[in-house]
Amino acid sequence: MAAMAVVAAGLLGCNDLENCGSTSVDITRTDGGLYRCVTSEDCPRTSRVSVCVTDVSSERECVRCDETRCVRLIPESCQ
């Protein structure tokens, strides 16, 4: 019975579809300066990148305003 519980726990663990945190990268201008912001909507982004809606790691890349600087959050896989 204990062996089945261990196998089940392993199957329910992290897989390729889940993310295990994110990396925060400053968004910089072409001259190397930082983009400044008041809200996340002020930050530049491509059409495929959304505005982060929570502080929880997203499954997709998003941008947010972090202490008046624009940052891009890049999800990390669990592997």
#### Entry: C52: which of R64, R72, R60 passes side-chain contact (heavy atoms from CB on, under 4.5 Å)
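For C52, the side-chain contact (heavy atoms from CB on, under 4.5 Å) check succeeds only for R64.
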
### Query
side-chain contact (heavy atoms from CB on, under 4.5 Å) with L34: which of I27, T68, D26?
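The side-chain contact (heavy atoms from CB on, under 4.5 Å) with L34 is passed solely by D26 among I27, T68, D26.
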
### Query
Is R69 positioned over the aromatic face of Y35, cation under 6.0 angstrom from the ring centre and no more than 45 degrees off axis?
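Negative - R69 is either too far from the ring of Y35 or too far off its axis.
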
### Query
Other hydrophobic cluster members with I74, side-chain heavy atoms of Ile/Leu/Val/Met/Phe/Trp/Tyr under 4.5 Å, chained?
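Same cluster as I74: V25.
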
### Task
For residues P44 and V63, report the shortest heavy-atom separation together with the two atoms involved.
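In this case the closest contact between P44 and V63 is O-CG1, 4.0 Å.
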
### Task
Only pairs at least two apart or in different chains count here, so list each salt bridge (Lys or Arg N to Asp or Glu O under 4.0 Å) that has a residue in residues 32-47.
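Applying salt bridge (Lys or Arg N to Asp or Glu O under 4.0 Å) to every pair that reaches into residues 32-47, excluding sequence neighbours, yields nothing.
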
### Query
Between E76 and T23, does a side chain to side chain donor-acceptor pair (under 3.5 Å) hold up when you go through it step by step?
CA-CA 7 Å; E76 297 176 0; T23 301; 2.3 Å; yes

#### Entry: C65/C43 sulfur gamma separation below 2.5 Å
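Disulfide absent: SG-SG distance not under 2.5 Å.
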
